[in-house]
Amino acid sequence: MLDIRLIRKDPEGVRRNIMKRHREAYLQYFERLLSVDTELRKKMSELEAKRAEHNKITRLIAQQLKQGPPQASETQNMAAKLSSDIGEMEKVVEALRVERDRLLKLVPNLLDDTTPDGLDETANVVVRSVGDKPVFDFEPKSHVDLITQLDLADLDRAAKIAGSRFYFLKGDLVLLDLAILRFALDRLVEKGFTPVFPPEMMRREAYEGVTPLQDFEDTMYKIEGEDLYLIATSEHPLVAMHMDETFEPEELPLKYAGISVNFRKEAGAHGKDTKGIFRVHNFNKVEQVVFCRPEDSPKHLEELLSNAEEIFRALEVPYRVVEICSGDISPKNAKQYDVEAWMPAQLTYREVVSTSNCTSYQAVSLNIKYRLRHGSAEKDYVHTLNSTAVATPRALVAILENHQQRDGVVKIPRALTPYMNGRTEIAPKAKPT
RNA sequence: GCUGGGGUCUCCUAGCCUGGCAGGGAGCGGGCUUGCUAAGCCCGUGGUCCAUGUGGCCGCGCGGGUUCAAAUCCCGCCCCCAGCGCCA
């Protein structure tokens, strides 16, 4: 969420920024927030004055009782009256505070000045296209046909026991999945990232700090009867792990490479990508997470993007980088890039990476700060950034489709050969003649 | 899961039994003193509010309750430690 103090200090500036998202609802939340917050502060002042009065009397009672019990009863009656007044006022203030916080969480992050303006995804800006699209002298097969033909996954039996959007991954595709994850992890470790296996469930309180409320409805799975949610990405536990902490300046930037399973309901995606393993309920992902000083976050955003691009170049998958416009960007992001891989069977680019600068939006919710100078009392919120390094079902789809040969063989990218025990291709099983 | 012990400001710790403004130490930062890279002294080192001051309010794992008053008493929950149980 935004820092309420910033909103109080410059409501007009915040309003102008929110308008750039072209969503009437955001503005309504914001205007309502301003009035509720004003009312809250007024009521709080009154409450605190009353408490101050009550505290004085309470101290008086303590003194009187030292001198002798009989003197205290009259003052105690006054204190009791004040105490019940305070109880009433507290209820009012608490209701206002709950409403203020609810609205505050609904107001989106301030956009970076460089985020392109636009109404929806059609206004996203292609920054660059990298790699040559493969030229086939045959009709390229979809990944669905390839995994069926090569016996690399079983979708029907997965549906039987778990439902749609689940899969049994099999044989060489399992080895390739692990190879990709390990390859990506190694590249990040070389760059100073600390690899982390995080908890794959989180409590609601911590979770609310890293993701919009709407995600509890349409993204996250809840464990029945427990205050636990399956993580939708390792970004969530990795960012939340430092809640209520203050970093010394020399500890920043802090870089993690999270590796985990990701669970997503994909509610609202009915009918999209229903076949194959492109859009699924659980998948593996290596994620980059950075905590840094505010002035460094634009630089780190470019680094995270560059790291992800490096991995897709090594996988020999053609891609383009897209800058997400103000109407399409996630509410928690100030600036966002997507990397989209070329999918030859669909003749289109599909999202495989999302790189985000959340600036202080998550840090404010989670109360993550740093000292401006070592030992100094002055603190400010850190910035958090996250980016996919690689997510495997989608990377597998890209590799299968881009590296397929006429004879049904799929070439393994050279960079992965060492991670595949020297293997260079995935071939159909020899059929008995 | 059971039994017992615990969670206090950045860290350590006192206070809890017996309710009355959370005290001490260390580290860190700033200042002063001094012949030096020693030693000493003073201030600061949770959050928040606006009327910005010798100010108020809140804060002792979280949430309730009792009371004029709760770190302290009562209830529920979370987490840590030890032992037992279970277990890949």
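Hydrogens, waters and symmetry mates play no part in the numbers below; they use all other heavy atoms, side chains included. Residue numbers start from 1 in every chain, and the chains themselves are labelled A, B, ... in the order their sequence lines are given, proteins ahead of strands.
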Round to a whole Å and report the spacing from CD of A:Glu205 to P of B:C79. 13 Å
For A:Ala79, answer base if it contacts any base atom (sugar-phosphate contacts may also be present), sugar-phosphate if it contacts only those atoms, and nothing otherwise; contact means non-hydrogen atoms under 4.0 Å. sugar-phosphate
Roughly how far, to the nearest 0.5 Å, is CG of A:Asp296 from CZ of A:Phe291? 15.0 Å
Okay, side chain of A:Thr115, backbone of A:Ala334: is any donor-acceptor separation there less than 3.5 Å? yes
Checking A:Glu48 now: which residues fulfil salt bridge (Lys or Arg N to Asp or Glu O under 4.0 Å) with it, not counting sequence neighbours? none
Map every base of RNA chain B to its dot-bracket character, where paired means a Watson-Crick or G-U wobble contact with both distances under 3.5 Å and | marks a partner outside the strand. ((((((((.[[[[.)....(..]]]]((((((.......))))))(((((..).))))..[[[[[..)....]]]]])))))))....
Collect all protein-nucleotide pairs involving nucleotides 69-77 of chain B in which both atoms are nitrogen or oxygen and the distance is under 3.5 Å.
residue	atom	partner	partner atom	Å
B:A69	OP1	A:Ser83	OG	2.8

In 5'-to-3' order, the base (B), backbone-only (S) or no-contact (-) status of each nucleotide in nucleotides 48-64 of chain B, using a 4.0 angstrom heavy-atom cut-off, is SSS-----BSS------
Euclidean distance for C1', B:A70 against B:C17 (whole angstrom): 15 Å
Quick one: does A:His54's side chain have a donor or acceptor within less than 3.5 Å of a partner on A:Asp85's backbone? no
Suppose we screen for salt bridge (Lys or Arg N to Asp or Glu O under 4.0 Å). Which residues come up paired with A:Lys141, at least two apart in sequence or across chains? none
Please produce a list of atom pairs where a protein N or O lies less than 3.5 Å from an N or O of nucleotides 11-17 of chain B.
none

Does A:Arg21 use its side chain to pair, donor to acceptor, with the backbone of A:Ser326 at less than 3.5 Å? no
Rounded C1' spacing from B:C11 to B:U18 in Å: 31 Å
Between A:Glu250 (CD) and B:G27 (C1'), how many Å, whole number? 13 Å
Sequence neighbours left out, what pairs pass ring pair (Phe, Tyr, Trp, His ring centres under 6.0 Å) with at least one residue falling in residues 156-184 of chain A? A:Phe166-A:His281, A:Phe183-A:Tyr419
Quantified in whole Å, what is the C1' atom distance between nucleotide B:A26 and nucleotide B:U72? 26 Å
Apply salt bridge (Lys or Arg N to Asp or Glu O under 4.0 Å) to A:Glu287 and list each qualifying residue two or more places apart in sequence or on a separate chain. A:Lys285
Specify the separation, in whole Å, of atom CZ of A:Arg371 and atom C1' of B:U45. 7 Å
I'd like to know if the side chain of A:Asn402 and the backbone of A:Ala398 have a donor-acceptor N/O pair within less than 3.5 Å. yes
Mind checking the C1' distance from B:G23 to B:G15? Whole angstroms is fine. 8 Å
Considering residues at least two apart in sequence or located in another chain, which fulfil the side-chain contact (heavy atoms from CB on, under 4.5 Å) criterion with A:Lys265? A:Tyr221
Looking only at side chains, do A:Ser387 and A:Asn307 share a donor and an acceptor under 3.5 Å apart? no
Could you state the atom-to-atom distance from CG of A:Asp244 to C1' of B:C79 in whole Å? 14 Å
Under the salt bridge (Lys or Arg N to Asp or Glu O under 4.0 Å) test, residues paired with A:Asp154 that sit two or more places apart: A:Arg157
Without decimals, in angstroms, what is the distance between A:Asn77 CG and B:C68 C1'? 9 Å
Kindly state each residue pair satisfying side chain to side chain donor-acceptor pair (under 3.5 Å) with at least one member in residues 198-208 of chain A, sequence neighbours excluded. A:Lys105-A:Glu208, A:Arg204-A:Glu208, A:Arg204-A:Tyr229, A:Tyr207-A:His236
Distance-only donor-acceptor check, side chains A:Gln64 and A:Thr75, under 3.5 Å: yes
If I pick the P atom on B:G25 and the same atom on B:C78, what distance separates them, to the nearest angstrom? 38 Å
Could you state the atom-to-atom distance from CG of A:Leu82 to P of B:U67 in whole Å? 16 Å
For B:G61 and B:G5, measure between their C1' atoms and round to the nearest Å. 16 Å
Can you measure A:Asn367 atom CG to B:G46 atom P for me and round it to whole angstrom units? 13 Å
Closest to the A:Arg203 side chain, choosing from B:C79, B:G47, B:C68: B:C79
A:Asn124: side-chain contact (heavy atoms from CB on, under 4.5 Å) partners, not counting sequence neighbours: A:Glu121, A:Val322, A:Ile324, A:Cys325, A:Asp328
What is the distance, to the nearest angstrom, from the NZ atom on A:Lys81 to the P atom on B:U67? 17 Å
Using the C1' atom in both, what is the distance from B:U48 to B:U34, to the nearest Å? 42 Å
With rounding to the closest Å, how many angstrom separate the C1' atoms on B:U13 and B:C62? 23 Å
